[in-house]
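Both counts, for ligands and for their atoms, begin at 1 and track the order of listing. Numbering starts at 1 and runs along the sequence shown.
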Amino acid sequence: MNYNYLQLEIRGRVGMLALHRPQKLNALCDGMMDELTLALDQLEADEGIGCILLTGSARAFAAGADIDQIQSQGYMDAYKKDFVTHNWERIRSCRKPVIAAVAGYAFGGGCELAMMCDFIIAADNAQFAQPEVMLGVLPGAGGTQRLTRAVGKAKAMELCLTGRRMDAREAEAAGLVARVVPAALLLEDAFATAEKIATFSLPVVMMIKECVNRAFESSLNEGLLFERRMFHASFGLEDQKEGMSAFLEKRSAVFKHR
Ligand code: CO8
């Protein structure tokens, strides 16, 4: 499939998606988000893909929603078409892991898009911000919720209420990003991470993702029960037999993803 606003490359078991609107610092528009939905559908359906990597350019992951496109939007337009919920959140329902590799600006919807991914690897030049308050709106694609869960109330409040930028080191210390790497090595590093995840048993990887996400939706007891049932289920996989046999036979496991 040909995309206008995205570049898709499949390398082994990794699907690499790059947001591509260089003249607008990858500002997110409906066309791009529709394409992202289609590309994620494609990668989810492809049995040969075990991990998805989402990135931008060296200068910007994404500088937010396209302000030109939404400036004239009225309340009724936003409400009726269910702006954001309608087509901007496909990543939320991805069952395969999605890693965000962020360099440069991740502002507004760009920061929110990165936070919808399972984890963020940041270049040392990355900057995160929720500047919506300066535009007369609020972070409306998860900024007030996911940022708060990631960095805690004090910092999330300060960032959302002032719109100030947070650099990569601060983001790492605050728990927003998993790791910071030199900008020149970002894609190499993020790809190696995605490739590693993609070699493991896909159903196990999907179960781990579901369990970690359940921690945000349940009490500890309910979360532990969910985890335990998934753990029990993993003993029904051929890959469990293979993984443990390989250990005992002192060889590398070859997972069949079932
Ligand atoms: N929308 C439209 N155009 C943009 C945007 C944007 N968000 N960001 C940058 N651009 C355009 C600029 O207008 C400029 O275009 P032109 O060359 O035609 O003048 C081009 O990109 C390059 O940008 P700059 O010249 O401004 O580059 P600088 O390096 O000087 O500055 C900044 C970079 C600081 C990132 C600056 O461009 C900026 O402040 N951009 C706006 C950031 C912002 O406020 N983002 C929040 C938008 S609102 C939002 O995201 C709501 C979320 C909705 C839900 C999303 C769901 C995932």
Side-chain angles (χ1 to χ4, degrees), residues 3-6 17-41 52 54-94 98-120 122-150 156 158-168 170-171 176-177 183:
Y3 296 105
N4 294 314
Y5 302 108
L6 294 178
L17 282 169
L19 306 173
H20 188 64
R21 273 188 103 195
Q23 72 288 3
K24 286 211 160 199
L25 299 179
N26 293 333
L28 310 168
C29 59
D30 268 334
M32 181 192 274
M33 302 316 277
D34 287 341
E35 287 190 358
L36 188 56
T37 298
L38 290 173
L40 290 170
D41 287 345
I52 298 165
L54 179 65
T55 193
S57 67
R59 194 171 163 215
F61 178 74
D66 187 329
I67 299 169
D68 290 333
Q69 194 174 74
I70 58 175
Q71 187 273 337
S72 59
Q73 178 169 263
Y75 163 72
M76 232 351 114
D77 308 319
Y79 182 73
K80 273 189 176 161
K81 81 169 186 189
D82 210 0
F83 177 46
V84 178
T85 318
H86 156 64
N87 62 346
W88 292 47
E89 290 190 298
R90 174 64 179 87
I91 288 181
R92 274 184 66 185
S93 59
C94 262
V98 186
I99 303 173
V102 175
Y105 307 114
F107 286 1
C111 184
E112 290 169 314
L113 186 65
M115 290 192 291
M116 285 179 208
C117 299
D118 294 310
F119 62 92
I120 300 172
D124 53 12
N125 72 346
Q127 295 185 49
F128 300 86
Q130 296 293 164
E132 289 88 342
V133 69
M134 298 193 263
L135 298 167
V137 286
L138 57 121
T144 65
Q145 303 302 302
R146 290 197 183 89
L147 189 62
T148 308
R149 282 165 172 75
E158 191 218 354
L159 289 163
C160 291
L161 289 175
T162 64
R164 84 162 170 89
R165 301 175 189 187
M166 173 161 71
D167 67 21
E170 185 184 357
L176 180 64
V177 312

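To the nearest 0.5 Å, atom CG of residue D34 and atom CG of residue N4 are 11.5 Å apart. The CG atom of D82 lies 9.0 Å from the CD atom of E89; values are rounded to the nearest 0.5 Å. To the nearest 0.5 Å, the span separating CE on M166 from CG on L176 amounts to 4.5 Å.
Residues L36 and L28 are not in side-chain contact: their nearest non-hydrogen atoms beyond the backbone lie 4.5 Å or more apart. In this structure the side chain of H20 never reaches within 4.5 angstrom of the side chain of L6, judged on heavy atoms.
Within the 3.5 Å criterion, the main-chain N or O of A103 finds no donor-acceptor partner in the side chain of N125. Here the side chain of R21 pairs a donor or acceptor atom with the backbone of A27 at under 3.5 angstrom. A donor-acceptor pair under 3.5 Å links the side-chain atoms of T37 to the main chain of N87, judged by distance alone.
Protein heavy atom in closest approach to atom 34 (C) of ligand 1: R165 NH2, 3.4 Å. Scanning the protein heavy atoms around atom 42 (C) of ligand 1, the nearest turns out to be A63 O, 3.4 Å. Atom 31 (O) of ligand 1 has Y105 OH, 4.0 Å as its closest protein atom, hydrogens excluded (heavy atom only). The protein non-hydrogen atom at the shortest distance from atom 5 (C) of ligand 1 is A27 CB, 4.1 Å. The single protein non-hydrogen atom nearest to atom 23 (O) of ligand 1 is L25 CD1, 3.5 Å, given as residue, atom name and distance. Looking only at protein heavy atoms, the nearest one to atom 1 (N) of ligand 1 is I67 N, 2.9 Å. Residue, atom and distance of the protein heavy atom nearest to atom 15 (O) of ligand 1 are Q23 O, 4.2 Å. The single protein non-hydrogen atom nearest to atom 27 (O) of ligand 1 is R59 NH2, 3.3 Å, given as residue, atom name and distance.
Counting protein heavy atoms under 4.0 angstrom from atom 20 (C) of ligand 1 gives one or more. Atom 29 (O) of ligand 1 lies below 4.0 Å from at least one non-hydrogen atom of the protein. Under the 4.0 angstrom criterion, atom 12 (C) of ligand 1 counts as lacking any protein heavy-atom contact. The protein reaches atom 7 (N) of ligand 1 closely, with a heavy atom under 4.0 angstrom from it. Distances from atom 45 (N) of ligand 1 to the protein include at least one heavy-atom value under 4.0 Å.
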**Study point:** side chain to side chain contact (heavy atoms under 4.5 Å, CB included) between L113 and W88, worked out
**Key:** CA-CA 9 Å; L113 186 65; W88 292 47; over 6 Å; no
Exercise for review: Could you give me the CA-CA distance, side-chain angles and deciding distance for R146 and M116, then say whether side chain to side chain contact (heavy atoms under 4.5 Å, CB included) is met?
Suggested key: CA-CA 8 Å; R146 290 197 183 89; M116 285 179 208; 3.5 Å; yes
Check your understanding: Where do V133 and C160 land on the side chain to side chain contact (heavy atoms under 4.5 Å, CB included) test, with the steps shown first?
Key -> CA-CA 7 Å; V133 69; C160 291; over 6 Å; no
Practice item. Let me see the working for L17 and L40 under side chain to side chain contact (heavy atoms under 4.5 Å, CB included), right down to the final yes or no. Key: CA-CA 9 Å; L17 282 169; L40 290 170; 3.9 Å; yes
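The nearest non-hydrogen atom to atom 4 (C) of ligand 1, considering only R21, M116, K24, comes from K24.
The part of E132 lying near ligand 1 is the side chain, judged by heavy-atom distances below 4.0 Å.
In this structure, R92 places its CZ atom where only 12 or fewer heavy-atom neighbours from other residues, nucleotides or ligands lie under 6.0 Å away.
Near V84, with a cut-off below 4.0 Å to any heavy atom, the atoms of ligand 1 are 54 (C). In the vicinity of E112, heavy-atom distances shorter than 4.0 Å reach the ligand 1 atoms 52 (C). Ligand-side atoms of ligand 1 in range of P131: 43 (C), 44 (O), 45 (N), 46 (C), range being under 4.0 angstrom from any heavy atom. For ligand 1, the atoms closer than 4.0 angstrom to any heavy atom of A141 are 54 (C), 55 (C), 56 (C), 57 (C). Set against the non-hydrogen atoms of W88, the atoms of ligand 1 under 4.0 Å away are 55 (C), 56 (C), 57 (C).
Considering backbone and side-chain N/O of L135, none are found under 3.5 Å from N/O of ligand 1. For the pair G109 and ligand 1, the shortest N or O to N or O distance falls below 3.5 Å.
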